There are 4 protein chains.
Amino acid sequence: MGIKQRKQREKERRKQEIMVAAKRVFSKKGYDRTKMEDIAREAELSPGTLYLYFKSKGELHASLNVRVLQFINIKLEHVINEPFDSFEQRQQALIKAMHDIYEFDAMVLNNVFHLQSSESLKKMSPELMDEINTLATRALRNLAGIFQVGIDDNQIVDVHPMALVDILWGLFSGIVMWEETKKTFKRKRYALNETFDTAFEIFIRGMRRDRSE
Amino acid sequence: MGIKQRKQREKERRKQEIMVAAKRVFSKKGYDRTKMEDIAREAELSPGTLYLYFKSKGELHASLNVRVLQFINIKLEHVINEPFDSFEQRQQALIKAMHDIYEFDAMVLNNVFHLQSSESLKKMSPELMDEINTLATRALRNLAGIFQVGIDDNQIVDVHPMALVDILWGLFSGIVMWEETKKTFKRKRYALNETFDTAFEIFIRGMRRDRSE
Amino acid sequence: MGIKQRKQREKERRKQEIMVAAKRVFSKKGYDRTKMEDIAREAELSPGTLYLYFKSKGELHASLNVRVLQFINIKLEHVINEPFDSFEQRQQALIKAMHDIYEFDAMVLNNVFHLQSSESLKKMSPELMDEINTLATRALRNLAGIFQVGIDDNQIVDVHPMALVDILWGLFSGIVMWEETKKTFKRKRYALNETFDTAFEIFIRGMRRDRSE
Amino acid sequence: MGIKQRKQREKERRKQEIMVAAKRVFSKKGYDRTKMEDIAREAELSPGTLYLYFKSKGELHASLNVRVLQFINIKLEHVINEPFDSFEQRQQALIKAMHDIYEFDAMVLNNVFHLQSSESLKKMSPELMDEINTLATRALRNLAGIFQVGIDDNQIVDVHPMALVDILWGLFSGIVMWEETKKTFKRKRYALNETFDTAFEIFIRGMRRDRSE
DNA sequence: GATGAATGAGTGTTCATTCAT
DNA sequence: GATGAATGAACACTCATTCAT
């Protein structure tokens with residue numbers, strides 16, 4: 001009988017709607033300043049309804065991270081698995097992937113950074129906690145894998161690939177947050193895409209192993 | 001009469017003590033999760049006393065930004081004004097300055113990023129707001145100035161210096177926050193200084209204008 | 001037409017099913033801690049359905065009291081109306097009745113005691129309120145009647161029979177609740193039936209008029 | 001310096017004031033229906049203030065139990081330790097003690113019974129939990145000790161003294177609650193003291209070992 | 001100036017009740 | 001009739017801020 005399935009689908013859709021609303025509000029205000037009521041209003045629901053779909057504010061927030069991390073992994077695994085003629089091309093694909101990730105959820109970072117407070121982790125169900133950890137680990141390994149290819153190929157400097165991961169991720173998220181901050185202060189220059197392009201270009205040039213080296 | 005001056009000095013010293021305490025707590029817990037009582041305890045004062053020196057939590061926090069921005073400007077202006085034999089040396093001085101800034105207040109960034117919420121700006125006195133804006137603008141101009149020297153000198157690629165500023169600042173703050181996040185998740189690798197060194201090295205290599213170019 | 005009657009019977013049966021489920025849950029958790037959803041789950045119905053049969057949680061709860069009070073009255077009226085050879089035998093029948101009442105719904109008491117909050121009475125329909133009052137009065141009169149027989153018969157001390165009623169009822173309900181409490185605290189001794197037997201024995205011996213008196 | 005001591009005393013007094021207010025409200029409405037705001041209003045304080053003295057609603061409530069249990073133990077230990085010429089006199093002292101306990105806090109029972117919900121125990125600090133358990137155990141042992149004297153003395157029937165404890169306690173608390181219930185229903189007869197006297201008299205007579213036995 | 005007890009508005013969460021399907 | 005998703009009022013608890021001492 002398709003009825004159950006339809007109900008199931010509608011339930012899932014509602015959950016997604018809430019997540020979309022939550023993403024918007026969390027992105028704008030940050031975790032602490034976002035009230036459940038804000039999210040409810042954004043989703044055109046009442047506060048109580050949110051709790052039919054998510055156990056708590058923390059869990060709702062965490063589930064956004066899951067979504068983003070899944071997206072990130074999908075994108076990175078594309079970059080890894082696709083055959084490229086040159087490392088150069090793979091690098092371009094990586095940059096494209098980072099752009100996509102940015103488009104998908106600019107505030108990944110806010111999300112991820114919020115987790116800093118280990119207190120907020122207390123309320124999270126261990127399963128969710130585990131899932132996030134697993135996904136995050138996989139994402140970092142994926143990135144490291146891409147760099148390892150370049151190192152093995154003598155294309156980029158011989159640095160611990162995890163260091164490169166840290167730098168790329170820091171660069172990426174740092175720029176996003178910095179552009180956000182600038183917006184608030186109404187500074188003129190915020191050309192995120194251009195900044196990204198230049199940043200990645202510099203990063204890639206900086207990693208490149210000189211022929212003479 | 002020196003009495004007034006002594007009083008003044010003591011008041012200033014007390015204010016500094018509170019700021020030091022506040023910095024420690026804000027750095028550890030972030031703005032929202034820091035209670036005034038936490039700061040009071042750290043400063044070995046009572047909560048009420050904080051309000052003799054700062055109008056509000058927001059203002060206390062903002063004043064930390066002022067301090068950091070002042071520090072940043074001093075450091076950057078050293079880099080600008082000191083005569084160096086080569087741009088290479090100036091670059092090394094800049095990196096050193098960034099290290100110093102990091103030592104001075106790793107969480108500058110948290111601080112600065114917190115300002116995202118434009119609502120929290122409402123409570124800030126316009127003077128303080130102005131001061132921060134002025135200092136921030138000066139800091140960014142200072143950084144841009146340093147890069148301009150390199151551009152004029154044909155040492156680094158011809159990119160809008162403000163873009164380089166955004167990238168350097170994003171890189172810097174992004175790495176700090178990312179390392180903080182990693183700590184929470186107890187991931188093994190967090191060697192902030194090494195990561196910094198590698199990151200700046202890559203950044204500098206990436207900016208460097210090839211002789212052949 | 002029997003259709004209406006069948007419908008009527010089915011409706012009544014459904015109502016009874018709900019009450020049975022409700023009794024179980026109320027007994028286990030107490031009034032306030034019982035959620036309508038708990039009862040619905042126990043009855044294998046949806047929450048909304050409960051409201052087709054009962055106007056509110058309070059009314060559902062009250063209707064349980066009605067049922068218990070009816071049961072009590074039936075039992076007590078047996079004890080009154082049955083002819084016994086001696087008061088002694090009637091007394092034994094009373095004790096048996098109390099056992100039966102306990103078996104029927106140990107938590108009568110919880111139920112009855114819950115009514116303490118006069119606020120909760122506000123929501124109850126006056127008819128239900130009246131019915132409970134009438135039934136309770138009848139139950140107390142029935143008990144008093146039994147004692148009056150003993151007094152008239154010179155078998156038990158000459159005390160206002162209502163006082164004896166209060167004592168018996170207090171003794172009965174107090175022991176039930178106390179044993180419940182002990183369970184929670186995992187104290188070893190909870191042998192409710194034995195305690196009951198001993199308690200009633202003492203009560204009867206204590207009421208017994210000495211031959212010499 | 002006496003200042004600290006005075007502050008300490010005032011703090012203790014305030015705590016007592018809150019407990020008195022809480023006792024009144026809990027007694028009238030029961031645990032669940034009592035809002036912290038009610039207690040605050042009764043104590044002429046704001047809700048927040050209650051939390052300066054008690055960690056939670058549950059802990060405030062539990063601390064009332066502690067107070068009552070302490071009082072009970074003091075009273076019972078008097079009955080045990082005082083030398084009496086006859087068991088008869090000791091019994092009278094026990095009855096007097098029960099009266100005193102009733103005067104001190106009629107709702108002991110409500111308090112104690114509320115603990116039924118093991119869920120509410122979760123929030124209680126283990127220390128408090130322990131304290132209550134210890135005090136309650138001591139109270140029960142004290143009561144049992146008194147009965148043991150009577151048994152050893154051949155004054156009362158040879159029943160497990162703990163059974164007598166259960167019965168006495170059930171009788172006592174049951175009558176109190178029953179009288180409370182009657183009040184709500186505005187039944188005429190509520191002469192608690194008389195009922196108590198009669199109840200204890202019956203209980204004692206019922207326990208008494210016949211000379212002929 | 002310094003204190004710290006008191007305040008009370010604000011927020012996450014629960015749950016009796018409703019109502020569109 | 002039955003459902004169960006949605007509602008929204010209610011309530012425990014927090015914490016920036018104030019003010020009597």
Side-chain angles (χ1 to χ4, degrees), chain A residues 3 6-7 10-11 14-15 18 32-40 43-60 123, chain B residues 7 10-11 14 32-41 43-61 123, chain C residues 7 10-11 14 32-41 43-61 123, chain D residues 3 6-7 10-11 14-15 18 32-40 43-60 123:
Chain A
I3 287 190
R6 181 167 51 78
K7 289 258 173 172
E10 273 168 17
K11 195 160 175 166
R14 178 56 56 99
K15 199 168 176 172
I18 293 174
D32 285 302
R33 300 174 136 65
T34 295
K35 297 175 232 165
M36 286 305 263
E37 205 198 324
D38 297 334
I39 298 173
E44 296 177 24
L45 290 169
S46 79
T49 305
L50 304 185
Y51 290 86
L52 296 177
Y53 297 89
F54 299 92
K55 270 210 290 288
S56 69
K57 182 179 174 183
E59 193 121 346
L60 167 52
K123 289 189 192 170
Chain B
K7 289 255 175 176
E10 275 170 15
K11 184 156 180 165
R14 178 59 58 100
D32 285 300
R33 296 173 149 66
T34 295
K35 300 175 217 166
M36 288 303 264
E37 205 200 319
D38 297 335
I39 297 173
R41 203 179 312 112
E44 296 177 17
L45 290 169
S46 77
T49 306
L50 303 185
Y51 288 85
L52 297 176
Y53 296 88
F54 298 92
K55 268 214 292 287
S56 70
K57 181 180 175 183
E59 192 120 347
L60 167 53
H61 186 261
K123 290 189 191 170
Chain C
K7 289 255 176 175
E10 274 170 17
K11 185 157 181 165
R14 178 58 58 98
D32 286 300
R33 297 173 148 68
T34 295
K35 299 176 218 164
M36 288 302 264
E37 206 201 320
D38 297 334
I39 298 173
R41 204 180 312 111
E44 296 178 19
L45 290 169
S46 78
T49 306
L50 303 187
Y51 288 85
L52 297 176
Y53 296 90
F54 298 93
K55 269 215 291 288
S56 70
K57 182 181 174 182
E59 192 121 347
L60 167 52
H61 185 262
K123 289 189 191 169
Chain D
I3 287 191
R6 180 164 54 77
K7 289 257 174 173
E10 275 169 17
K11 196 161 175 165
R14 180 54 59 99
K15 200 168 175 173
I18 293 174
D32 285 302
R33 302 174 135 65
T34 296
K35 295 175 234 165
M36 286 305 262
E37 205 199 323
D38 297 334
I39 297 173
E44 295 177 24
L45 291 169
S46 80
T49 306
L50 304 186
Y51 290 87
L52 296 177
Y53 296 88
F54 299 92
K55 272 211 289 289
S56 69
K57 181 181 174 182
E59 192 121 345
L60 168 52
K123 289 189 190 167

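Chain naming here is simple, since letters A, B, ... match the order of the sequence lines and numbering starts at 1 in each. Nothing here was measured: the structure is a model prediction, and the numbers come from that model.
- Residue R14(B) places no side-chain N or O under 4.0 Å from the OP1 or OP2 atom of dG1(E).
- Within the shown strands, dT3(E) is the pairing partner of dA20(F) under the Watson-Crick or G-U definition, both distances less than 3.5 Å.
- For the pair K15(A)/I18(A), no side-chain contact is recorded, criterion being any heavy-atom separation below 4.5 Å from C-beta on.
- In this model, the phosphate group of dC11(F) is not approached by any side-chain N or O of R33(D) to a distance below 4.0 Å at OP1 or OP2.
- Minimum atom distance to the side chain of M36(B) is reached by dT17(F), of the listed dA16(E), dG12(E), dT17(F).
- Remark: P of dA16(E) and CG of D32(C) are 9 Å apart, rounded to the nearest angstrom.
- Put simply, S46(A) has no side-chain N or O that comes within less than 4.0 Å of OP1 or OP2 on dA6(F).
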Salt bridge (charged side-chain N to carboxylate O under 4.0 Å, His left out) assessment of E10(A) paired with R14(A): CA-CA 6 Å; E10(A) 273 168 17; R14(A) 178 56 56 99; over 6 Å; no

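- The distance from atom NZ of K15(D) to atom C1' of dA6(E) is 17 Å, rounded to the nearest whole Å.
- Atom CD of E37(A) and atom P of dT13(E) are 14 Å apart (whole Å).
- When distances are taken from the side chain of Y51(C) to each of dG1(E), dA5(F), dT17(E), the shortest belongs to dT17(E).
- Between E44(A) and K57(B), the residue anchored nearer the 5' end of DNA chain F, judged by the nucleotide with its closest heavy atom, is E44(A).
- Nearest-nucleotide mapping onto DNA chain F: of K35(B) and T49(A), the residue sitting toward the 5' end is T49(A).
- Put simply, the side chain of E37(B) reaches to within 4.5 Å of the side chain of R41(B), judged on heavy atoms.
- Side-chain contact between H61(C) and F54(C): absent, with no pair of heavy atoms (C-beta onward) separated by less than 4.5 Å.
- Taking atom CG of residue L52(C) and atom P of nucleotide dC19(E), one finds them 13 Å apart after rounding to whole Å.
- F54(D) places its CZ atom 18 Å from the C1' atom of dT14(F), with the value rounded to the nearest Å.
- Nearest to the side-chain atoms of P47(A) among the listed nucleotides dT17(F), dT3(E), dT13(E) stands dT13(E).
- Following rounding to the nearest Å, K7(D) (NZ) and dG4(E) (P) show an atom-to-atom distance of 7 Å.
- One interatomic measurement links the two molecules: NZ of K55(C) to P of dT17(E), which rounds to 11 Å at whole-angstrom precision.
- Rounding to the nearest 0.5 Å gives a distance of 6.0 Å between NZ of K57(D) and CG of D32(D).
- Contact annotation: Y53(C) side-chain N/O to dA2(F) OP1/OP2 distance is under 4.0 Å.
- Remark: C1' of dC15(F) and CG of L50(B) are 13 Å apart, rounded to the nearest angstrom.
- Closest-nucleotide positions on DNA chain E for G48(B) and T34(A) were compared, and the one nearer the 5' end corresponds to G48(B).
- Residue K11(B) places at least one side-chain N or O under 4.0 Å from the OP1 or OP2 atom of dG1(E).
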